[in-house]
Novice: 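Take this structure first; my questions come after.
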Amino acid sequence: MTLTGEFFARSVHDVAPELVGSTLLVDGVGGRIVEVEAYDHEDPASHGYGGLTSRNRSMFGPPGHAYVYRSYGIHWCLNLVCGEDGVPEAVLVRALEPTHGLDRMRERRGLDEPRLLCAGPGRLCQALGVTGEQDGLPLDEPPFELYPPETGAQIVRGPRVGISRAADLPWRYGEAGSRFLSRALRSA
DNA sequence: CACAGGATATACT
DNA sequence: GTATATCCTGTGA
């Protein structure tokens with residue numbers, strides 16, 4: 001049983017906290033999502049805020065699809081599109097607890113330390129092999145697999161990372177006490 | 001801790 | 001057309 005379009009066809013603020021603890025695999029490689037951030041259509045920090053462009057096109061598409069963008073000219077970042085078709089809302093996946101395909105992650109990342117394999121949006125994409133090729137693909141079909149949490153995760157929320165606009169909004173969600181977060185997160 | 005690296009969008013001239 | 005800011009990470013001080 002995988003999460004489908006129905007799950008994502010709701011407000012990003014409802015979907016984001018529910019994704020923490022779910023399992024994301026790309027071509028069989030991945031793990032438990034331990035950290036996400038929400039971006040909605042009224043959010044000045046969101047790529048979709050300024051309207052449709054060739055880069056953010058997927059964000060305006062139907063929910064339940066991937067939006068992959070290049071950050072700082074170097075890294076890829078993976079977002080899961082939410083809300084209704086045509087309204088740019090997405091969850092940025094920031095960190096995973098690696099559970100599947102550790103060897104392939106180590107190969108791609110050139111690192112052994114599990115804690116650093118997927119702690120951060122760019123690292124996570126490198127470890128899972130996510131690039132612009134996956135931009136716009138549906139999340140309920142290969143290479144993606146997405147499973148709901150087996151046990152309820154304890155969620156903490158706090159301010160988002162690496163932005164200057166709307167930096168005070170507590171739209172970052174993480175699993176309490178996880179050592180796989182990109183940065184420590186205390187409840188706010 | 002500072003900073004390079006360099007795609008993309010936006011705000012200027 | 002040119003400048004500046006950005007949803008980041010690795011490296012070297």
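Below, chains carry the letters A, B, ... as their sequence lines are ordered, and counting in each starts from 1.
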Novice: Could you check how far CG of A:L92 sits from C1' of C:dC8, rounded to whole Å?
Specialist: 11 Å

Novice: Going by the angle between their ring planes, with limits at 30° and 60°, are A:Y69 and A:H47 parallel, tilted or perpendicular?
Specialist: perpendicular

Novice: Could you state the atom-to-atom distance from CG of A:D135 to P of B:dT8 in whole Å?
Specialist: 11 Å

Novice: Considering only C:dG10, B:dG5, C:dC7, which nucleotide approaches the side chain of A:R109 most closely?
Specialist: C:dG10

Novice: Please state how far atom CD1 in A:I74 lies from atom C1' in B:dA4, giving the value in whole angstrom units.
Specialist: 8 Å

Novice: Taking atom types as modelled and ignoring hydrogens, do the side chains of A:S58 and A:D135 form a donor-acceptor contact shorter than 3.5 angstrom?
Specialist: yes

Novice: Provide, to the nearest angstrom, the distance between the CZ atom belonging to A:R55 and the P atom belonging to C:dT6.
Specialist: 13 Å

Novice: For C:dA3, what is the paired nucleotide under Watson-Crick or G-U wobble rules, both distances under 3.5 Å?
Specialist: B:dT10

Novice: Kindly indicate whether a cation-pi arrangement holds for A:R70 with A:Y72, taking the cut-offs as under 6.0 Å to the six-membered ring centre and within 45° of the axis.
Specialist: no

Novice: Without decimals, in angstroms, what is the distance between A:N56 CG and C:dT6 C1'?
Specialist: 14 Å

Novice: Would you kindly check if the NZ (Lys) or CZ (Arg) of A:R160 is within the cone defined by 45 degrees around the ring axis of A:Y39 and under 6.0 Å from the six-membered ring centre?
Specialist: yes

Novice: Report yes if the ring of A:Y72 lies under 5.5 Å from the six-membered base ring of C:dT6 with planes under 30°, and no otherwise.
Specialist: yes

Novice: Using side-chain contact (heavy atoms from CB on, under 4.5 Å) as the criterion, point out the one residue from A:L96, A:I33, A:V29 that pairs with A:C118.
Specialist: A:L96

Novice: Please report, rounded to the nearest Å, how far the C1' atom of C:dA5 is from the OH atom of A:Y49.
Specialist: 16 Å

Novice: Of all the nucleotides listed (B:dA9, C:dT9, C:dC7), which has the minimum atom distance to the side chain of A:S46?
Specialist: C:dC7

Novice: Please work out if A:R94 contacts a base, only the sugar-phosphate, or nothing of the nucleic acid, heavy-atom cut-off 4.0 Å.
Specialist: sugar-phosphate

Novice: In whole Å, what is the span from the CH2 atom of A:W76 to the C1' atom of B:dA7?
Specialist: 9 Å

Novice: C:dG10 phosphate, OP1 or OP2: any side-chain N/O from A:R123 under 4.0 angstrom?
Specialist: yes

Novice: Taking only side-chain nitrogens and oxygens of A:S71, does any of them come within less than 4.0 Å of OP1 or OP2 of C:dC8?
Specialist: no

Novice: Atom NE2 of A:H75 and atom C1' of C:dC8: how far apart are they, to the nearest Å?
Specialist: 4 Å

Novice: Between A:R165 and C:dA5, is there a side-chain N or O to OP1/OP2 distance below 4.0 Å?
Specialist: no

